[in-house]
Colleague: 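This is the structure I have questions about; it appears just below.
Throughout, residue positions are numbered sequentially from 1 according to the sequence presented. These figures come from a predicted structure and were not determined experimentally.
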Amino acid sequence: MPSASRPRLRLRVTAAAETHLRAGHPWVYEGSVREQNREGDAGELAVVYDRRDRFLAIGLYDPASPLRLRVLHSGSPVTLDDAWWAARLDSAFLRREALFGPVSAPGDTDGYRLVNGESDGWPGLVIDRYARVLVIKLYTAAWFPHLDRVLGLLAERCPGFAVVLRLSRNIQETARAAGLTDGQVLTGEVAENPVVFRESGIAFEADVLRGQKTGFFLDQRENRRRVQDLSRGRRVLNAFSFSGGFSLYAARGGAPEVVSLDISAHALHSAERNFALNPGLTARHEPLQADVFEWLGQTTRDFDLVILDPPSLARREAERAGAIRAYGKLAADGLRRLAPGGILVSASCSAHVSAEEFWEAVRHSAERSGRKWRELRTTQHAPDHHASFPEAEYLKAIYLQLT
């Protein structure tokens, strides 16, 4: 933070970065900073000035990250006072209130994303809700000095909620020096972990202290609802099932048999516990531990609905081409397991593979299968996981049916 002895941190950036900032892009990369007046600390508010010395943007500075500045505001100068921060959070909350109702009111869905990072104007920070527990996930140490402010804003809007801190791996060592740890309960109490929450009336557990992401894959909710609508009378294979989200929706949709296939015994145990939380689901559920790539290529079993929702297959740009080939092979193997009239739902969460590249890989596999098919739909982000700039777009799915 600036003080009487230190001037405001000022940055000047390349012409290309100026153009991106004017277009609303929320990141300034290390290589785009061409001049700064002094060294900066993580979490300082840094102002970007253009080549004519006019205000361009203000954001959170992080000297340890290749994303040197995460933009909070661009355009006309603004004072980031208490009212500004409150209005920024209220905007995110109002978006979710339109989807799920007020955070304080009971509803059939009390697990969803409250704040979606850059796309809600909170770069490098997400907040997920699970019943009466909020999970803050940080991706930059620049938020450490501002945590108390965030907690105060949340306490005003979600009184009585517990708050858990989750940290991306790259900042956990820095966090320890600041007295913060991954899975730390910041306020309130988490009486039981996993936390039980509801999504579309189905009960699920979320390991908010140690689980992947913030404890559950909330971003696939809309696709799970679509799978439910397609499942009546169908034998379903949920590959890369994790804790069984698609499996439970398929069971509620009327599937008589559901296979949850995953390499992780821990994930399959979670899926079984989720079924136990919903005794009204009468489908025969078969948890099956195996490597999906190997099992799909070897099994002779067939299904009426196959769901392929693997973890990211391209975590860096260099892996993009291999991931596209892998998505194509998965789709080809999934299609071979479909009975006549069967449906394939294939999804990708790899940000380095574009939606069109992914959809075309699956379509190409369908063409090469020699079977007749039609495309039912393509989908992308759920409304509480909206993406406001290209790099935030990672989720996509395609639905094909054999005819």
Side-chain angles (χ1 to χ4, degrees), residues 199-204 216-217 219-265 267-311 327 330-349 362 365-366 369 371 373-379 397-403:
E199 184 183 271
S200 309
I202 301 177
F204 288 102
F216 194 79
F217 290 88
D219 52 1
Q220 285 284 28
R221 179 187 56 256
E222 305 306 314
N223 282 321
R224 287 191 281 266
R225 289 173 172 170
R226 295 180 184 109
V227 161
Q228 174 179 299
D229 294 339
L230 296 171
S231 295
R232 181 160 301 281
R234 294 184 181 273
R235 297 162 299 153
V236 176
L237 171 65
N238 178 17
F240 307 99
S241 60
F242 190 54
S243 55
F246 282 106
S247 300
L248 273 82
Y249 274 82
R252 190 168 71 171
E257 303 174 22
V258 181
V259 174
S260 294
L261 174 64
D262 202 284
I263 198 169
S264 166
L268 293 172
H269 291 326
S270 179
E272 291 185 275
R273 290 194 298 271
N274 282 329
F275 267 93
L277 290 172
N278 298 272
L281 301 179
T282 58
R284 186 171 73 85
H285 178 235
E286 178 187 351
L288 183 58
Q289 185 179 2
D291 180 290
V292 173
F293 291 92
E294 293 179 2
W295 191 88
L296 271 181
Q298 297 170 359
T299 187
T300 58
R301 296 176 65 173
D302 65 351
F303 300 88
D304 306 302
L305 173 58
V306 171
I307 303 148
L308 303 173
D309 183 26
Y327 285 124
L330 268 178
D333 289 344
L335 286 163
R336 277 193 287 271
R337 303 278 55 85
L338 280 179
I343 297 173
L344 175 73
V345 179
S346 189
S348 164
C349 63
V362 177
S365 292
S369 74
R371 305 174 78 179
W373 59 279
R374 65 187 179 109
E375 187 172 313
L376 301 179
R377 69 166 70 220
T378 57
T379 66
I398 185 169
Y399 294 63
L400 304 181
Q401 183 170 24
L402 300 180
T403 60

Colleague: Sequence neighbours left out, what passes salt bridge (Lys or Arg N to Asp or Glu O under 4.0 Å) with E375? Give chain and number order.
Modeller: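 R363.
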Colleague: Return all side-chain donor-acceptor pairs below 3.5 angstrom for residues 248-256, not counting sequence neighbours, or 'none' if the list is empty.
Modeller:
unit_1	atom_1	unit_2	atom_2	d
Y249	OH	E199	O	3.3
Y249	OH	E199	OE2	2.7
Y249	OH	S200	OG	3.0
R252	NE	Q228	OE1	2.9
R252	NH1	S200	O	2.7
R252	NH2	S200	O	2.9
R252	NH2	Q228	OE1	3.1

Colleague: Which residues pass the side-chain contact (heavy atoms from CB on, under 4.5 Å) test with S243, sequence neighbours left out?
Modeller: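 So S243 forms a side-chain contact (heavy atoms from CB on, under 4.5 Å) with F216, S270, N274.
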Colleague: Distance check, rounded to the nearest 0.5 Å: E222 atom CD versus R224 atom CZ?
Modeller: 9.0 Å
Colleague: Can you measure from CZ (F204) to CZ (R221) and round to the nearest 0.5 angstrom?
Modeller: 11.5 Å
Colleague: Would you give me the side-chain donor-acceptor pairs under 3.5 Å for residues 291-300, sequence neighbours excluded?
Modeller:
unit_1	atom_1	unit_2	atom_2	d
D291	OD1	F293	N	2.9
D291	OD1	E294	N	3.0
T299	OG1	R301	N	3.1

Colleague: Residues in side chain to side chain donor-acceptor pair (under 3.5 Å) with S348, at least two apart?
Modeller: Y327
Colleague: Quick one: list whatever passes side-chain contact (heavy atoms from CB on, under 4.5 Å) with A397, sequence neighbours left out.
Modeller: N223, A347, T379, Y399
Colleague: Are the side chains of P311 and F240 in contact, using a 4.5 Å heavy-atom criterion?
Modeller: yes
Colleague: Where do G334 and V306 come nearest, in terms of heavy atoms and distance?
Modeller: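 So the minimum-distance heavy-atom pair works out to O-CG2, 4.1 Å.
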Colleague: Give me the atom names and distance for the closest heavy-atom approach of A271 to H285.
Modeller: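 In this case the closest contact between A271 and H285 is CB-CE1, 4.3 Å.
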Colleague: Is there a side-chain contact between S346 and L330 (heavy atoms, below 4.5 Å)?
Modeller: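 Contact flag for S346/L330 side chains = no.
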Colleague: Sequence neighbours left out, what passes side chain to side chain donor-acceptor pair (under 3.5 Å) with D302? Give chain and number order.
Modeller: R235
Colleague: For S247 and S260, which I'm curious about, is there any donor-acceptor pair between the side chains at under 3.5 Å?
Modeller: yes
Colleague: According to side chain to side chain donor-acceptor pair (under 3.5 Å), who are the partners of D309, at least two apart in sequence or on a separate chain?
Modeller: Q220
Colleague: List for me each residue that meets side-chain contact (heavy atoms from CB on, under 4.5 Å) alongside S369, sequence neighbours excluded, and say none if there are none.
Modeller: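 S369 satisfies side-chain contact (heavy atoms from CB on, under 4.5 Å) with R371 once adjacent residues are dropped.
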Colleague: Side chain to side chain donor-acceptor pair (under 3.5 Å) with R336: which residues, sequence neighbours excluded?
Modeller: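 Result, side chain to side chain donor-acceptor pair (under 3.5 Å) vs R336: D333.
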Colleague: Just to verify, what does A203 make a side-chain contact (heavy atoms from CB on, under 4.5 Å) with, not counting sequence neighbours?
Modeller: V196, R198, L277, N278
Colleague: Do you know which two heavy atoms are closest between L338 and I343, and how far apart they sit?
Modeller: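 Here L338 and I343 meet closest at CD2-O, 3.4 Å.
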Colleague: Let me confirm one number: the CZ-CG distance from R374 to L402, rounded to the nearest 0.5 Å.
Modeller: 10.5 Å
Colleague: For the atom pair CD1 (I202) and CZ (F275), what is the distance rounded to the nearest 0.5 Å?
Modeller: 9.0 Å
Colleague: So N238 and D262, side-chain contact (heavy atoms from CB on, under 4.5 Å) or not? Walk me through it.
Modeller: CA-CA 9 Å; N238 178 17; D262 202 284; over 6 Å; no
Colleague: Mind listing the closest non-hydrogen atom pair of D304 and A339 along with its distance?
Modeller: OD1-CB, 3.7 Å
Colleague: Write down the atom of L335, the atom of A366, and the distance for their closest heavy-atom approach.
Modeller: CD1-CA, 3.6 Å
Colleague: About how many Å separate CG of L268 and CZ of R273, when rounded to the nearest 0.5 Å?
Modeller: 10.5 Å
Colleague: Which residue pairs satisfy the salt bridge (Lys or Arg N to Asp or Glu O under 4.0 Å) criterion with at least one member in residues 239-250, sequence neighbours excluded?
Modeller: none
Colleague: To the nearest 0.5 angstrom, please state how far the CG atom of L400 sits from the CG atom of L376.
Modeller: 7.0 Å
Colleague: How close do A276 and P279 get, heavy atom to heavy atom, and via which atoms?
Modeller: O-CD, 3.8 Å
